[in-house]
Amino acid sequence: MRNGKSFSDVLRSLADAADPGERISFGTLLDALHDRAFGALMLVFAAPNVIPIPIPGISTLLSAPLLYLAAQLMLGHDRPWLPRWIAERSISALDFEAMVDRILPWVIKAERMLKPRLDLLVNPSAERLIGAICLGLSIILFFPIPLGNMLPGLAISLLALGILEKDGVFVAVGSVLAVLSVVIVFGVLVAIAKAIIFLIAQALGL
């Protein structure tokens, strides 16, 4: 919590303040959440992958800033930034409000459980490792891999909540889910590769 306002309060305020005809750029979100650093921004861009949101291409759109944010966290940057070509990308205010409406109940529930603990998992060195984990998961989100969105998105969301409120328990759970995500996605890719090889062999009569 910063300046007496919870993260959920800030999200709600952003959604309510936007004119329905406006578009909200990623740069605007960066400015609004800047004092909350990486955790808040990564959560905004990762959470929509967890809860189905009827906005075409939303996962690919939101994965680009995640790549940059995770890389910066891994490199130990104090403050997040986005290159201009990403900062200028935007979504409509109505889509943003729909996204906030979907994720806000889950954020509020998480906030009730969050508290500073297990400092070893949220110190600066640990945050660099979290950044590396999130970078790998963001790469998975960037590609349209079947079943490749929900679990990586959940893992990043938990890790982001953990560093947002210095809660090592959330970091630990998120790390376990990250490993599970990689295993599942690898299994899916292997299955797809085998299916393609089988179809090619059948077509060639091998």
Side-chain angles (χ1 to χ4, degrees), residues 25-27 29-30 33 36-53 55-91 95 99 102-103 106-107 110 121-122 124-164 168 170-197:
S25 70
F26 292 164
L29 291 176
L30 176 64
L33 300 173
R36 293 166 187 263
F38 293 96
L41 286 163
M42 291 173 64
L43 180 58
V44 167
F45 293 123
N49 291 283
V50 183
I51 303 168
I53 295 176
I55 303 174
I58 190 69
S59 295
T60 301
L61 178 67
L62 299 181
S63 62
L66 270 176
L67 287 168
Y68 276 87
L69 293 169
Q72 291 167 50
L73 182 62
M74 180 182 69
L75 294 172
H77 291 193
D78 293 329
R79 290 293 180 181
W81 67 274
L82 293 173
R84 185 174 178 181
W85 69 274
I86 291 182
E88 291 180 347
R89 301 182 79 174
S90 63
I91 60 176
D95 284 343
M99 185 176 78
R102 288 293 186 94
I103 69 175
W106 300 98
V107 172
L121 297 181
V122 288
S125 297
E127 286 191 357
R128 288 193 174 205
L129 179 58
I130 293 170
I133 294 171
C134 289
L135 179 59
L137 295 173
S138 299
I139 293 172
I140 293 175
L141 290 177
F142 189 76
F143 295 100
I145 302 171
L147 305 178
N149 287 353
M150 186 172 291
L151 205 53
L154 179 58
I156 295 175
S157 296
L158 291 175
L159 291 167
L161 284 166
I163 62 176
L164 180 62
F170 272 67
V171 169
V173 176
S175 299
V176 171
L177 284 179
V179 174
L180 185 59
S181 300
V182 173
V183 171
I184 291 176
V185 169
F186 179 76
V188 170
L189 291 176
V190 169
I192 291 173
K194 287 182 177 180
I196 291 173
I197 292 172

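Count residues from 1 along the sequence.
One distance of note links CG of Leu180 with CG of Leu151; it measures 5.0 Å at 0.5 Å rounding. How far CG of Leu82 is from OH of Tyr68: 9.0 Å, rounded to the nearest 0.5 Å. The SG atom of Cys134 lies 10.0 Å from the CG atom of Leu141; values are rounded to the nearest 0.5 Å. Between atom CD1 of residue Ile86 and atom CG of residue Leu67 there is a gap of 7.5 Å, rounded to the nearest 0.5 Å. From Asn49, atom CG reaches atom CE of Met150 across 9.0 Å, with rounding to the nearest 0.5 Å. Here CZ of Arg89 is found 15.0 Å from CZ of Arg84. Values are rounded to the nearest 0.5 Å.
A donor-acceptor distance shorter than 3.5 angstrom exists from the side chain of Gln72 to the backbone of Trp81, with no hydrogens or angles considered.
When all heavy atoms are compared, the tightest approach of Val50 to Ser157 is CG2-OG, 4.0 Å. Counting all heavy atoms, side chain and backbone alike, Leu66 lies closest to Ser138 at CB-OG, 3.6 Å. Scanning all heavy atoms of the two residues, the minimum distance from Leu159 to Ile133 falls at CD1-CG2, 3.9 Å. Closest heavy-atom contact between Leu137 and Ser181: CD2-CB, 4.1 Å. Here the closest non-hydrogen pair linking Gly174 and Ala155 is O-CB, 3.6 Å. Here the shortest heavy-atom pairing between Ile103 and Pro48 reads CG2-N, 4.4 Å.
At a threshold of 4.5 Å between non-hydrogen side-chain atoms, the residues Leu29 and Phe45 count as touching. Side-chain contact between Val190 and Lys194: present, with at least one pair of heavy atoms (C-beta onward) separated by less than 4.5 Å. Residues Met42 and Ile156 form a side-chain contact, since some pair of their non-hydrogen atoms from C-beta on lies under 4.5 Å apart. Two residues are said to be in side-chain contact when any heavy atoms from C-beta on lie closer than 4.5 Å; Leu69 and Leu73 fail this criterion. Counting only heavy atoms from C-beta outward, the side chains of Leu41 and Pro65 never approach each other to under 4.5 Å. The shortest distance between side-chain heavy atoms of Glu127 and Phe38 does not fall below 4.5 Å.
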